[in-house]
Amino acid sequence: MTDEKLNQILKQALAPEINDIEIQIHKRRKAKMKKFGKTGKIAAAAAAAAVIGTLGLGYFNPVLAAKIPLIGKIFEKVEDDATYSGDYTDKKTVLTNEDSAGNLDTSNYSVSDKGITLTASETYCDGYSIFLTVNIESEDADFTHIPKHYTGMNVADGRTAAGFYIDGTWNVDGSSPEWLENTFDGEVIDSHTFAGMLKINLPKKHTGSGELNLTVNGLGYDDDRMSGGEEISASHWTEGSWNIAVPFEVNGTDVKTIEVGETKGNITLEDVVVSPYQVIVHAKTPGAQRELTDDRREKLLSKDPDMTDAEMFELLGWSYEPCQTICFNQDGEMLYADMEMAGRAGFAVQGKEIKTLYVFIFDNLDDWSLMEQEGMNSSVADRAVISKEIQVE
């Protein structure tokens with residue numbers, strides 16, 4: 001086990017117990033983002049059957065698919081159905097191209113282990129998140145049974161994408177490693193090929209250029225033939241080492257930051273960022289330094305006898321009171337929510353026009369949940385700690 005991974009484990013193991021509200025929020029956000037739980041997977045498999053007629057031509061004809069260049073054009077392949085959908089054509093940076101014979105013009109962004117090859121294809125960065133496309137190939141696999149999960153606001157949207165799990169860490173320009181939290185959203189091309197998009201949220205705004213370093217130690221996928229089993233999550237899992245460095249350039253085109261600075265109660269709505277593919281709401285909630293108990297000090301010193309109290313406090317971090325955020329546009333359309341973390345709530349634009357945003361921030365999970373069901377004119381709208389109309393255009 002690496003020191004970086006042990007550090008991450010210690011962070012979680014030494015943190016105070018998470019209260020029930022935080023657990024509910026975490027589970028709900030995870031469910032909305034991935035839909036890979038037992039119930040969600042069965043529903044996703046049904047959705048896949050319903051939309052199978054709309055899958056790409058390559059899925060039905062692997063031989064033909066091999067003749068159509070894919071790497072360097074993965075955004076075009078998955079951008080309609082991925083959670084963070086949109087037209088990336090004029091904003092992406094191409095890392096690796098492929099010709100009609102399947103030859104790559106560079107191997108700098110391709111790495112293989114345990115019979116699986118991962119090739120980075122394109123990037124886009126709005127300064128707040130990195131969107132990376134990859135091609136995953138395995139001669140011994142059968143990807144055609146990967147189920148699809150919902151990426152739209154409801155089943156009627158008909159928006160689904162296949163999902164591929166990834167485990168490991170990432171950093172930018174040698175910063176402290178962070179866990180990879182999302183999955184690849186994408187499409188099964190043929191039995192041995194998967195193309196997908198990964199979104200990585202940066203801890204703070206980035207400018208200029210940078211290098212994303214991925215340390216991948218696990219890749220896997222579900223199998224819809226196992227939907228009746230007790231445990232279907234990542235039923236096909238391979239541990240290995242796929243480490244790759246990917247350069248990126250921040251593209252600030254069409255990215256707007258609207259300063260707000262409104263405080264009500266214990267919550268401050270700082271600003272709202274609108275990029276072509278996501279909306280980010282930055283808010284401050286009350287927080288407290290996690291306590292350094294004798295037991296925690298002893299555990300940390302067992303790892304590093306020279307660790308100072310200041311270093312221990314930094315490792316323990318802060319505990320924040322949770323808040324829940326919902327966004328609507330000028331047409332009353334609710335934006336698809338990403339996982340919410342302390343200080344940041346993210347939403348997928350999914351092609352919606354954003355002229356005006358209506359932001360509601362709750363400190364009560366039940367109220368937030370009811371508004372999610374009822375819409376912008378919900379009976380609990382007046383219970384939001386902060387409700388704000390923000391002009392974007």
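Not measured: the values here are computed from a predicted model.
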Identify whether [X] and [Y] are in the same connected component of the hydrophobic contact network (ILVMFWY, side-chain heavy atoms under 4.5 Å).
X	Y	value
I166	I71	no
L180	Y109	yes
L269	F347	yes
L104	V94	no

Under the criterion ring-ring contact (aromatic ring centres under 6.0 Å, His included), I'd like the reasoning laid out for H206 against Y128: C-alpha separation, chi angles, the key distance, then a yes or no. CA-CA 6 Å; H206 197 94; Y128 298 89; over 10 Å; no

For residues 266-283, which residue pairs pass the salt bridge (Lys or Arg N to Asp or Glu O under 4.0 Å) check, not counting sequence neighbours? E270-K284

Would you mind checking if E353 and K355 are paired as a salt bridge, meaning a charged N to carboxylate O distance below 4.0 Å?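 Judged by the 4.0 Å cut-off on N to carboxylate O distance, K355 and E353 do form a salt bridge.
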
Tell me whether K352 is salt-bridged to E333, with the criterion being a basic N under 4.0 Å from an acidic carboxylate O. no

If you apply the rule salt bridge (Lys or Arg N to Asp or Glu O under 4.0 Å), what do you find for K77 with E187, and how did you get there? CA-CA 8 Å; K77 190 70 174 175; E187 183 172 322; 3.8 Å; yes

Once salt bridge (Lys or Arg N to Asp or Glu O under 4.0 Å) is applied, do any residues pair with [X], and if so which ones, sequence neighbours excluded?
X	answer
D294	R297
R159	none
K264	E262

Evaluate R344 against N201 for side chain to side chain donor-acceptor pair (under 3.5 Å), listing each step before the verdict. CA-CA 10 Å; R344 171 179 176 148; N201 294 326; 3.0 Å; yes

Tell me whether the rings of F164 and F143 are parallel (<30°), tilted (30 to 60°) or perpendicular (>60°). perpendicular

Look at the aromatic rings of F75 and Y88 and report parallel, tilted or perpendicular, splitting at 30° and 60°. parallel

Identify the two heavy atoms, one from W242 and one from I116, that lie closest to each other, and give their separation to 0.1 Å. NE1-O, 3.0 Å

Given the ring of Y84, does K199 sit roughly above its face, with NZ or CZ under 6.0 Å from the centre of the six-membered ring and within 45° of the axis?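 Yes, K199 sits over the ring of Y84.
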
Please evaluate residues E79 and K73 with respect to the criterion salt bridge (Lys or Arg N to Asp or Glu O under 4.0 Å), reporting the C-alpha separation (whole Å), side-chain torsions for both, the decisive distance (0.1 Å), and the verdict. CA-CA 10 Å; E79 65 188 13; K73 302 178 182 295; over 6 Å; no

What pairs with Q391 under side-chain hydrogen bond (donor to acceptor under 3.5 Å, both in side chains), at least two apart in sequence or on another chain?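 For Q391 the side-chain hydrogen bond (donor to acceptor under 3.5 Å, both in side chains) partners, ignoring immediate neighbours, are T356, E389.
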
Could you go through N217 and T215, starting from their C-alpha distance and side-chain angles, then the distance that decides it, and tell me whether this counts as side chain to side chain donor-acceptor pair (under 3.5 Å)? CA-CA 7 Å; N217 52 43; T215 301; over 6 Å; no

Would you say V255 and P276 make side-chain contact, with heavy atoms under 4.5 Å?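 A side-chain contact under 4.5 Å exists here.
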
Please write out which residues are connected to M341 in a hydrophobic cluster, directly or through intermediates, given that two of Ile, Leu, Val, Met, Phe, Trp, Tyr count as joined at side-chain heavy-atom separations below 4.5 angstrom.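 The other cluster members (ILVMFWY side chains, heavy atoms under 4.5 Å, direct or chained): none.
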
For side chain to side chain donor-acceptor pair (under 3.5 Å), just list the numbers for H236 and D222, CA-CA rounded to whole Å, side-chain angles, deciding distance to a tenth of an Å, and then say yes or no. CA-CA 6 Å; H236 295 277; D222 291 337; over 6 Å; no

Heavy-atom donor-acceptor pair, H192 side chain to A141 backbone, under 3.5 Å: yes

